[in-house]
2 protein chains.
Amino acid sequence: MKKTDPGEGGNERRELILMTALGLFTSRGYFNTSVHDIQKEVGVSIGSIYHHFKSKEAIAKALYDNLTGNMAEAMAEIMAEYRTAHDRCRAVVAYLFNLTESSPAAMQYMLYAKHREFMPDEKPVCSSRPFELMKEMVSEGIARGELREYPPYIAATSIFGGPIRMVYLRLDGVLDDPLPAILDQVWECAWRSVGR
Amino acid sequence: MKKTDPGEGGNERRELILMTALGLFTSRGYFNTSVHDIQKEVGVSIGSIYHHFKSKEAIAKALYDNLTGNMAEAMAEIMAEYRTAHDRCRAVVAYLFNLTESSPAAMQYMLYAKHREFMPDEKPVCSSRPFELMKEMVSEGIARGELREYPPYIAATSIFGGPIRMVYLRLDGVLDDPLPAILDQVWECAWRSVGR
DNA sequence: GTCTATACTCAGATAGAC
DNA sequence: GTCTATCTGAGTATAGAC
């Protein structure tokens, strides 16, 4: 199973396939992208694609695991670096906004794709690791009296719902300004909803 | 063009096709639903489907127009019935929560489906009529000094972002409680984010 | 208006030489 | 590991009888 090793290794072709697929999946959608499309854009043969991945679905899955893995890692780092719910949550929003600008495709793939449609046995995005960590930060904040007392899922949704919606708008091309430019204002509103 | 009349008329088969398609599109996804699937579930022949609709995409489009039309109507009624931004926005959230419980498929189809993937020349959902009306309520609220001064899209996103996210969670099956049961708490948080 | 049968296209995936 | 060629099935849509 050396070839599925997520590390750096020698396999730049595998990486190239993944990155190309990400671009196509997000711009045209998963179902409007054929394996032939990927093959053509990467500039290799179909056989090569199928050598690296068992199926089209496997490409989607690998992509999803990579991206949510990276994001969960970032969340964990934030939890380690900051201590208060205020600082942690703000850092998360800043991270989401920056990622949206630097890797819109990655963000879109994680947030927007209806993974259930092509990865039937995957849990919904909002139950994935990164989102779980976000809820955890909020729970701790409530326990410490830093946030108002609400059921954690309500508090988490209230604080992150606005910012996440902002990301959707930006990805949809509705906003002209980059998100980091409005971070302060958005965060003010988000924090006011449940902060003490 | 009598047959495309959206009124009541004689065409219950057309309606039946639409409702069946809605169920299938939302449970399996648009691309995982073939016209044969619809045909079988409705219990009519393929020819009949194609007599009523030019193509599969046309079914999706008719559905989308119907549903967003209904919702825009509801928003307009709310604007007529209430005068303050506070009462209007709260009524909108209550409406969204109720609709999610009474017609989850309709809600899911409007919010969750990536319409761009199968209706290439449609604007993103967030630019559709209902969402425009929501932004309008907020803009007026700011003008009247009822809401804090933020760019309207930020204020609108802050106030509706949490509640809408709640709808997503509920549709994803993550929440056990029906949304109307938590309306008060969710609304408190939403309003606090930008209300004065 | 509704049906059956079928044409046509293209997807995902495999075989087997190099 | 990479390639070309090909299989197989499914999906959209149409033709034409009733």
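Just so it is clear, the values below take in all heavy atoms, side chains as well, and ignore hydrogens, waters and symmetry mates. Within every chain, numbering begins at 1; the chains are lettered A, B, ... in the order of the sequence lines, protein sequences first and strands thereafter. Quick caveat, the model's predicted, so the values are computed rather than measured.
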Query - salt bridge (charged side-chain N to carboxylate O under 4.0 Å, His left out) partner of R88(A), the single match among E146(A), E77(A), E81(A), E140(A) - result: E140(A)
Query raised in the report: Does the side chain of I17(B) reach to within under 4.5 Å of the side chain of R14(B), using non-hydrogen atoms?
Result: no
Query raised in the report: Within this structure, what is the CD-to-P distance between Q39(B) and dA13(D), rounded to whole angstrom?
Result: 14 Å
Query raised in the report: Any side-chain heavy atom of R165(B) sitting closer than 4.5 Å to one from C126(A)?
Result: yes
Requested in this report: Determine which pairs satisfy ring-ring contact (aromatic ring centres under 6.0 Å, His included) with at least one residue from residues 148-171 of chain B, sequence neighbours left out, and list them in order.
Outcome: Y112(B)-Y168(B)
Query raised in the report: Starting at CD1 of I49(A) and ending at P of dT4(D), how long is that distance when rounded to a whole Å?
Result: 13 Å
Query raised in the report: Can you give one letter per nucleotide of nucleotides 2-16 of chain C, 5' to 3': B if a protein heavy atom sits under 4.0 Å from the base, S if only from the sugar-phosphate, - if neither?
Result: BBB------SBBB--
Query raised in the report: Does the side chain of K56(A) reach to within under 4.5 Å of the side chain of Y30(A), using non-hydrogen atoms?
Result: yes
